[in-house]
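In what follows, a structure is listed as structure tokens, so that the remarks can point back to it.
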Amino acid sequence: MKIILLGAPGAGKGTQSANISEKYNIPAIATGDILRAAIKNGTELGKAAKSYIDAGKLVPDDVVIGIIKEYLGSDACKNGFILDGFPRSIPQAEALDAMGVKIDVVLSIEVADEKIIERMSGRRVCPCGASYHVLYKAPAKEGVCDKCGQALYVRADDAAETVKSRLETFHAQTEPLKAFYAKKGNLVTVQGQEEVADTTRLVFEALRPYEA
Ligand code: ADP
Ligand code: ZN
């Protein structure tokens, strides 16, 4: 299955992407994670991306399109994949089309802006990729990852002002993708729930018709 996950920042794409990846045994490609790793490692890519991410803006299309080309060309993606955070603009979606990639389903996780703001302020992440929330998905031991034991931290771009810019960017540049894919006929939407497990159930139900 070739899946695209859409949703506002903090809608829970990362969590659901991990669930889907496990259930269908396909890799999840998260452009945000790739960019953050590049920043941490001080690579050219990281240097190019940092100022945009810190401002809550999109990294230039050609930069992320280059990343995606590289990943989708790899053997690991032969049997399917989940794109988490790509495409995030119409030009990125057009680039995916131009690569000849045929997406089976585009799943949009819908969460209201007020909810997003509430969620982001409690988000805690781990260097291993796991993410938590102080209220909704607390780790067993405060500040420590259940999966790997590393210390959790607050993502720099989860600061309140940056969250506002990210939401504006989402509405202006990413949300139009819903109409773009609805027109192609492969958009499905799921309402994000209070409980992660409830959203997961809805996500799995939404994907079932697309199973090979
Ligand atoms: P979230 O979905 O919570 O905003 P991500 O980890 O997906 O977080 O992305 C973090 C930041 O990385 C974005 O705000 C943006 O600056 C950058 N980014 C990630 N994916 C893309 C993309 N496809 N195009 C442009 N910028 C991107
Ligand atoms: Zn961890």
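Just follow the structure's listing: the first ligand is 1, and inside any ligand the first atom is 1.
- Classification of E110 and K115 as a salt-bridged pair fails, no side-chain N sitting under 4.0 Å from a carboxylate O.
- In this structure, CE on M120 lies 7.0 Å from CG on D157, to the nearest 0.5 angstrom.
- Every atom of ligand 1 is numbered from 1 in the order shown, and the set under 4.0 Å from a heavy atom of Q92 is 22 (C), 23 (N), 24 (N), 25 (C).
- With respect to K164 and E161, no salt bridge is recorded, no charged nitrogen being found less than 4.0 Å from a carboxylate O.
- When S131, C145, P139 are each tested for a side chain to side chain contact (heavy atoms under 4.5 Å, CB included) with C126, only one passes: C145.
- An angle of 110° is found at the Zn ion (ligand 2) between C145 atom SG and C126 atom SG, rounded to 10°.
- A donor atom on one side chain and an acceptor atom on the other are found under 3.5 Å apart for N19 and Q16.
- The shell of residues lying under 4.0 angstrom from ligand 1, judged by heavy atoms, excludes Q173.
- Across all non-hydrogen atoms, the minimal contact from R119 to Y136 is CG-CE1, 4.4 Å.
- Considering only non-hydrogen atoms, atom 17 (C) of ligand 1 lies nearest to L35 out of T162, L35, D157.
- Counting heavy atoms under 4.0 Å from ligand 1, residue V64 touches it through the side chain alone.
- Exactly one residue among I20, V106, V190 makes a side chain to side chain contact (heavy atoms under 4.5 Å, CB included) with L5. That residue is I20.
- Taking a 4.0 Å cut-off on heavy atoms, G10 registers as neighbouring ligand 1.
- At most 12 heavy atoms of other shown residues, nucleotides or ligands fall within 6.0 angstrom of atom OH in Y71.
- Polar contact check, V59 against ligand 1: a nitrogen or oxygen pair lies under 3.5 Å apart.
- Here K57 has backbone heavy atoms under 4.0 Å from ligand 1, and that is the only part of it that gets that close.
- Rounding to 10°, one obtains 120° for the angle at the Zn ion (ligand 2) between SG (C128) and SG (C148).
- Residue contacts with ligand 1, taken as heavy atom pairs separated by less than 4.0 Å, involve R123 solely via side-chain atoms from C-beta onward.
- Ligand-side atoms of ligand 1 in range of T31: 19 (C), 20 (N), 21 (C), 23 (N), range being under 4.0 angstrom from any heavy atom.
- Residue-ligand proximity, G85 to ligand 1, at heavy-atom distances under 4.0 Å covers atoms 20 (N), 21 (C), 22 (C), 23 (N).
- For D84, no nitrogen or oxygen atom sits less than 3.5 Å from a nitrogen or oxygen atom of ligand 1, counting backbone and side chain alike.
- The shortest separation from a heavy atom of R155 to ligand 1 is under 4.0 Å, placing the residue in contact.
- Taking all atoms of both residues into account, the shortest heavy-atom contact from I26 to M1 is CD1-O, 3.5 Å.
- Considering only non-hydrogen atoms, atom 5 (P) of ligand 1 lies nearest to R88 out of R166, K13, R88.
- The closest protein non-hydrogen atom to atom 10 (C) of ligand 1 is R36 NH1, 3.5 Å.
- Note that the CD1 atom of I68 and the CD1 atom of I34 stand 6.0 Å from one another [nearest 0.5 Å].
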